[in-house]
*Asks:* 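Following this message is one structure expressed as structure tokens.
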Amino acid sequence: MKSYIIVDSSKIIGKKNPHLFGSFLEHVHQCLYPGIFDPDSPLADENGFRKDVLNEIKRLKPGTVRWPGGNFSSWYHWIDGTGKQENRKRKLSYADDITREESNLFGTDEYIRFCRKVGTQPYITVNAGNGTALEAANWVEYCNSSGNTFYANLRKENGSQQPFNVRYWEIGNEIYGDWQIGTKSAVQYSQVLSEFSKAMKRVDPSIRIIAVGMGKHNPDWDRIILNSARDYIDDISVHVYIGRHEYFDSFGQVFTIADHLKKMEDDIIKISEEKRTNHRIGLALSEWGIWYRKGHKDDLDEVYNLKDALVFASSMNLLLRFCRTLDFTHQSMLVNCLGLMRTRKDALVRQTIYYPFVLFANETGDTVLSPDVWSETFSCKDYRYFPWPTFDVDKDSFQIDERNVPEMHNVPYLDVSATYDSETNKLTIIVVNRHPEKDLTTSVDLRGYSYGNTVSVSVIDGPDVYAVNDFGKETVKMEECQEKIKTGSFQWDFPAHSITMLKIQLKKQND
Ligand code: AHR
Ligand code: AHR
């Protein structure tokens with residue numbers, strides 16, 4: 001069977017937030033220290049940042065980088081990370097299940113410097129665990145105020161005359177969970193939201209507030225927040241981690257992400273209608289990624305294979321389709337833990353998922369289209385994280401009740417997104433061929449567009465679906481070239497287990 005892709009210029013889903021594809025930097029395991037900050041590395045710059053890692057992040061171009069956690073934020077007192085580094089106090093961090101030592105050498109000033117160096121927008125998660133609304137408001141003052149007050153002056157004393165202008169502030173992290181310091185019920189958290197949001201917005205009314213949501217993990221939580229605290233928030237978040245070893249079932253998990261986002265979108269619309277309000281609430285997928293937990297629930301040290309890169313690209317195709325409501329997504333995380341890269345003291349390796357991130361964050365346009373796709377199909381199971389798998393201590397792994405696992409049929413091997421960029425007048429088509437063995441010959445039909453006969457092509461591929469990248473050995477990589485095409489409609493062979501981006505310069509109306 002031949003495959004077909006039709007991209008029609010009139011089939012528009014909506015506009016994409018330019019910051020949509022972000023990432024996450026947490027003080028956890030090897031992510032921040034030494035992944036980003038390691039003054040002892042021969043590769044460190046004058047600030048102690050790893051130069052090689054910063055260069056890769058510049059290429060990845062995440063729209064926002066969420067910091068400092070994660071669970072870490074439910075314990076973190078930002079003032080500890082300010083002032084001269086030699087005077088900062090080392091503290092015990094008991095934010096997660098594992099108690100660690102925190103040097104506090106990387107604090108707010110270092111974070112902002114990091115954001116400026118790599119060209120990303122800051123996105124801060126404040127401590128709603130054992131922190132207070134006052135502490136959070138003081139943090140906003142430290143970052144955003146130009147006045148003559150204590151915290152604004154403290155920032156100036158620390159070397160930054162100009163405000164940092166941090167626009168995005170999330171209140172707490174997974175505050176519903178027992179693993180969190182300061183766990184709260186939905187009713188308690190709604191109260192926290194109104195207190196924090198009021199105090200923080202009075203310091204700077206231009207900030208956006210993101211609330212902790214649960215998606216399908218617990219829809220009642222979201223409804224309670226949306227009913228009682230909606231006037232105080234601008235976005236509601238959800239965290240979704242996926243990861244299956246079985247080849248086809250791992251694609252089934254993309255439906256899990258869709259499920260969470262759809263459920264939340266429906267609730268937002270329903271409650272806005274009931275409340276008769278025009279105050280827009282958006283969605284933030286404030287942590288997502290592939291996390292197998294390799295049998296142990298806190299194992300964050302994932303090595304990704306080509307299959308994971310395909311799942312990752314399919315997930316990002318899906319995220320584009322939610323562009324009308326989805327404001328932020330944070331792939332978890334930048335380095336080492338579930339990372340886009342892994343580091344050693346003197347070396348770095350790009351994981352397989354690095355390359356799809358580059359394409360989606362850098363190459364997708366501002367308008368998301370809805371292409372039609374026909375291809376051979378496969379069946380898979382969707383091992384959704386709902387109900388949450390339970391951790392079996394004896395087996396030292398997560399267990400899922402197989403009776404609750406839905407089956408998906410007629411899932412096309414080709415997974416396609418199309419975006420148009422009004423600034424460059426280019427069309428970007430990203431095609432994931434999920435067939436593990438077969439190249440798929442496809443007829444690509446672009447309707448309503450006029451274009452020349454060349455296309456810029458990027459292909460991410462590797463020798464087989466379980467191929468991984470290691471230090472000094474990159475087997476899954478991206479290759480780029482220019483190819484000739486016929487205008488109107490053309491044939492394309494999408495290689496087995498690959499991600500292909502076709503980027504086409506369109507002609508102006510009067511060309
Ligand atoms: O990514 C590690 C942890 O996973 C984060 O701290 C937490 O938010 C999530 O559950
Ligand atoms: O699934 C929740 C996560 O499980 C917590 O964030 C993490 O600490 C634990 O491993």
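Every number for a ligand or one of its atoms is a count from 1 in the order of the listing.
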*Asks:* Number the atoms of ligand 1 from 1 as they appear, then name those within less than 4.0 Å of a heavy atom of M333, with their elements.
*Replies:* 1 (O), 2 (C)
*Asks:* Salt bridge or not for K91 and E101, using N-O below 4.0 Å?
*Replies:* no
*Asks:* Hey, are R321 and D415 close enough for a salt bridge, meaning a charged N less than 4.0 Å from a carboxylate O?
*Replies:* yes
*Asks:* Judged by non-hydrogen atoms, does W179 sit under 4.0 Å from ligand 1?
*Replies:* no
*Asks:* Less than 4.0 Å between a side-chain N and a carboxylate O, is that true for D220 and R223?
*Replies:* yes
*Asks:* Does V28 have a non-hydrogen atom less than 4.0 Å from ligand 1?
*Replies:* no
*Asks:* Residues two or more places apart in sequence or in another chain: which of them pass salt bridge (Lys or Arg N to Asp or Glu O under 4.0 Å) with R167?
*Replies:* none
*Asks:* Under a 4.0 Å N-O cut-off, is there an ion pair linking D109 with R155?
*Replies:* no
*Asks:* Could you check if a side-chain atom of S315 sits within less than 4.5 angstrom of a side-chain atom of I242, using non-hydrogen atoms only?
*Replies:* yes
*Asks:* Under a 4.0 angstrom heavy-atom cut-off, which atoms of ligand 1 come close to W291?
*Replies:* 4 (O)
*Asks:* What are the atoms of ligand 1, with element, lying closer than 4.0 Å to any heavy atom of E174?
*Replies:* 7 (C), 8 (O), 9 (C), 10 (O)
*Asks:* For ligand 1, indicate whether the residue N71 contacts it via side chain, backbone, both or neither (heavy-atom separation under 4.0 Å).
*Replies:* both
*Asks:* Under 4.0 Å from a heavy atom of N173: which atoms of ligand 1 are those, numbered in the order shown and with their elements?
*Replies:* 7 (C), 8 (O)
*Asks:* May I ask you to identify, for Y241, whether its side chain, its backbone, both or neither come under 4.0 Å of ligand 1 on a heavy-atom basis?
*Replies:* side chain
